[in-house]
K.L.:
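First the structure, then my questions, so here it is.
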Amino acid sequence: MSLTEKIRNGDSRAVAKLITMVENDFQNAQPFLKELHQYCGKAIVVGITGPPGSGKSTITDKLTKHLRKMNKKVGIIAIDPSSPFSGGAILGDRIRMQDLTTDKDVFIRSVGARGHLGGLSRSTQAVVKIMDAMGKDFIFIETVGVGQSEIDVIKVSDVVLLVVMPGMGDDIQVIKAGIMEIGDIFVVNKSDRDGSDKLIAEIEMMLHLIEKEEKWHPPILKTVGTENIGIDVLWKEVEKCTDYLKESGEMFLRRKNRTRKEIFDLFQESWREMFFQFISEERLEKEVERVLKQNDNPYNAVKKLSAIFKENLFKEGE
Amino acid sequence: MKKSRIRVLVAKPGLDGHDRGAKVIARALRDAGMEVIYTGLRQTPEQIIEAAIQEDVNVIGLSILSGAHMYIFPKIIKMLEERKMTDIMVIAGGIIPIEDISELKKMGIKEIFTPGTDTKKIVKFIKTNVAVA
Amino acid sequence: MDYKEIKKAREQWSDKTLKKVLDRFPERKEQFVTGSNKEVKRLYDPLDLEDLDYLKEIGYPGDYPYTRGVQPTMYRGRFWTMRQYAGFGDAEESNKRYKYLLKNGQTGLSIAFDLPTQIGYDSDHSMSHGEVGKVGVAIDSLKDMEILFEGIPLEKVSTSMTINAPAAVLLAMYIAVAEKQGVSAAKLNGTIQNDILKEYIARGTYIFPPLPSMRLITDIFAYCSKELPRWNTISISGYHIREAGSTAIQEIAFTLANGIAYVDAAVKKGLDVDKFAPRLSFFFNAHNDLFEEVAKFRAARKLWAKIMRDRFGAKNPKSIMLRFHTQTAGCTLTAQQPDNNIIRVTLQALAAVLGGTQSLHTNSRDEALSLPSQKAVRIALRTQQVIAHESGVTETVDPLAGSYYIEKMTKEIEDAVMDYINQIEKLGGAPKAIEKGFIQREIQNSAYQYQKDVEDKKRIIVGVNQFESEEETMKDLLKVNPEIEKQQIKKLEEVKNNRDESKVKESLHLLKQAASSDKNVMPFIMDCVKGYATLGEICDQLREIFGEYKDSIKI
């Protein structure tokens, strides 16, 4: 059986190996992804984001258990930040999903945020495809909601849940800056704590300030993840939202944008590779030195390098 | 272009709750540039194997201080063999008497680190013994 | 004291005597620190204590704030209780070890249970496999407990049981054994650890989530204040927090924060603080840094006295005084050159005695390698006896008081601990701080720092990162009989076959009902154990109502 056949049969080792290949050596993974692409597009991808400590993993865990009761198959991509110094990471989200580990119809993969050549969102998109092709009905992408790269990642999903909790202090400001706009459903987790109503009011106010073209008004729901409170209601809202997105054509539009971005990213990456294929490190270094010493400027340097690039490209064509 | 990172599953099998060592090692491996998947206490062999598969780790690091190692470690090794996962290197740590160490190594545990081991030694051991693409 | 004059003299000393020497012979290190990384000055003198009010801050032993000790005569009256933690294999084997220890002059028993017992599983549970009888004795039912204390008169010994999540069940079994011996509950002396918060923080043998666990604890407080007036209902433990890698300051801070949480819970339940607080006891670690440890114990006593008096309005002096058990630090024992551990243990034990401990366990030299052998345990006990009878440190009360260094450090530790306690208060108290992972992360940071310091040789561990020598393997290590598990399972079956099944079912059913109401569960547990319901069966009833806790704190 080929690797892709194994994946389509739900073989978790094959899936895991291809994911590793995606992370480490995208070029080699491409032929497999190419084959798998035709089987993709069925899974609904749910992004779960929010500040650290808001309970994203717990919500993911509980939603997955909820879906398992309905016999749905689930994939989980848990992204954790990496150390900016060593590039290493402690990926700890699984600790909140211990009971899911031995469930054959759940596949969890922890991903370190750094060290993805071509970007984390490209890797994530490929992992989504692999899990989709292995037959998952729902795929969760879980990541901390700060910074542009995380926002890019979360844009890989069809529906986005934004998880917050009372008593975060200034963290709400972090959310406001950039990611309020992408939340389809707001989850106030740990809502048994003081301040949850105040937080809901704050979110409502902020939502008013954001002008959205869509008719979908993001609901704000209360949960207590650890106690499994509010999970079924939350899932009903996710279903409602996906129904809306499908019917309104918004889902199609989102996927279209995503595909456009994917093509563009891949294109950019392949040109990047070609750049290094055609232009030697020494050649580049030479230009850098010249610009640094004020013997030339970057604009001329690009012109020169472009000329070499084109020349090589034509040669390649012949 | 390629970029590989060593992935390590750090697990506490059995009922033992002493996780100081496991956590210190996890941090040290992270600081050495590895990706460490930490799964918490009271892991069954089945949970450890399944997590190792899904996470496609190069190394499984096990820690037991309760004296149950001669029961639990062989069980994990046997399961790895049954599922043809012997490409994963297994290392272990904890309070493990010398005569048990040689027996466990014969069974297939690559190395055993007792209390007081320098974490740099463990990092070096992993880096020398794991071939990543 | 004329501080002006002293100040002048010190400046003179510093400018002349000291400078001359420093110019020619620089010190060994740029900075000197304690075992907990607190800076140690070159010299302490009266100026360090200029602001210290002796009567308010130090006072007299047996009087508030108990800095100098909880009794006015301390070890001149009687020595601390020498209590070696022991237990392994099955009840018969442990019973033999206890009798041996009592015969050798030990004055109290300390029961170690195996992990299945500590986590409320019977020996035949799938998770128990390989763990039965390993780190302590296996107890499945009252039958095992009867064997464990066979021939030991329970009205004469004081028994400490290291049991937490299922403490109520083991206590009930102990009471039932006493009854069979004809000893009434009111006469029983001893301690259950019963400290669940530190299990979430550092030790890991939890069963239920925090809220119902706290309820079990307050149920025990209430029950014992009526039925077992001489029983220590909890041993609030810093020992394991320290073993997990905390500093001395963190050990005290997190332990006292947990203590505050227990008192808070009991008071909220309507218990009178002076009814239950006299039975609270503590359990600390004695680590390597001799002076820091002594100061730590003194600071802990002072802090608890202030907390109980000022925050909880306790009036009974017994509620206010912090009594504690000490164990030498297991994490300092090395597998390399294990005989050196005897010396480490001696210094640590000395710190506990100079710090005014009420009871003491000294570790055995082979514990970094395996469970302790009988011979090693005897040396450990002899260490205590040498300190008690030969060293002379017991002849006066709190002999280090008045040392500029000790007093200054006592004060510094007190202040640093208060900072932590205030921080934890801001997070909503210890249970919330644990839920958030704050306490766990603080400890992990210290543990990692310590490890790095050792690896960078900023800390020297003799035989480990300096003065290494050819390894000699240690012989005569203790091996637990591998047949124990099978035998224990067989015994369990026998118990189940010889009991009144309908009575067991009924009592378990009633317990479950009580657990889901707000009734005190203790009497119901008593009924269950007397009918030989097993530990696992009892805990399963509670699991159904309370749920189970899962470790979920990221590193």
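Each chain gets a letter, A, B and so on, in the order the sequences are listed, and its residues count up from 1.
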K.L.:
If only atom types and distance count, is the side chain of A:R94 paired as donor or acceptor with the main-chain N or O of B:I37 below 3.5 Å?
P.N.:
no
K.L.:
Flag the pair A:L91 / B:R7 as yes when at least one side-chain heavy-atom distance between them is below 4.5 Å, and no otherwise.
P.N.:
yes
K.L.:
Taking every non-hydrogen pair under 4.5 Å, which of B:G33, B:A32, B:A52 racks up the most with chain A?
P.N.:
B:G33
K.L.:
With a 4.5 angstrom heavy-atom cut-off, could you sort out which part of A:F107 is near chain B: side chain, backbone, both or neither?
P.N.:
both
K.L.:
Please determine whether side chain to side chain contact (heavy atoms under 4.5 Å, CB included) holds for the pair A:I90 and B:V36, giving the CA-CA distance in whole Å, both sets of side-chain angles, and the decisive distance to 0.1 Å.
P.N.:
CA-CA 5 Å; A:I90 293 177; B:V36 182; 4.3 Å; yes
K.L.:
Quick one: do B:R5 and A:E23 make a salt bridge, cutoff under 4.0 Å?
P.N.:
no
K.L.:
Using side chain to side chain contact (heavy atoms under 4.5 Å, CB included), reason through B:Y38 and A:I95 one step at a time and then give a plain yes or no.
P.N.:
CA-CA 7 Å; B:Y38 181 71; A:I95 203 170; 3.9 Å; yes
K.L.:
Hey, which of B:Q43, B:Q47, B:R42 is the one that makes side chain to side chain donor-acceptor pair (under 3.5 Å) with A:Q98?
P.N.:
B:Q43
K.L.:
Considering only NZ, NE, NH1 and NH2 on the basic side and carboxylate oxygens on the acidic side, decide whether B:R83 and A:D11 come within less than 4.0 Å.
P.N.:
no
K.L.:
Testing the basics here: between B:E50 and A:T101, what is the closest heavy-atom pair and its distance to 0.1 Å?
P.N.:
CG-O, 3.0 Å
K.L.:
Any donor and acceptor pair, going by atom type alone, linking the side chain of B:E55 with main-chain N or O of A:S110 inside 3.5 Å?
P.N.:
yes
K.L.:
Could you go step by step and tell me if A:R109 and B:D56 meet the side chain to side chain contact (heavy atoms under 4.5 Å, CB included) rule?
P.N.:
CA-CA 9 Å; A:R109 181 63 174 235; B:D56 193 27; 3.6 Å; yes
K.L.:
If we ignore hydrogens and angles and just use 3.5 Å, is the side chain of A:S86 paired with the main-chain N or O of B:R30 as donor and acceptor?
P.N.:
yes
K.L.:
Return yes if some donor-acceptor pair links the side-chain N/O of B:Q54 with the main-chain N/O of A:I108 below 3.5 Å, else return no.
P.N.:
yes
K.L.:
How about CD on B:E46, more than 12 heavy atoms from neighbouring residues, nucleotides or ligands closer than 6.0 Å, or not?
P.N.:
yes
K.L.:
If you draw a 6.0 Å radius around NZ in B:K23, do more than 12 non-hydrogen atoms from other residues or ligands fall strictly inside?
P.N.:
yes
K.L.:
Would you find more than 12 non-hydrogen atoms of other residues, nucleotides or ligands less than 6.0 Å from B:K110 atom NZ?
P.N.:
no
K.L.:
For B:I48, which atoms come within 4.5 Å of any heavy atom of chain A: side chain, backbone, both, or neither?
P.N.:
neither
K.L.:
Answer yes or no: are there more than 12 heavy-atom neighbours, outside B:K121 itself, under 6.0 Å from its atom NZ?
P.N.:
no
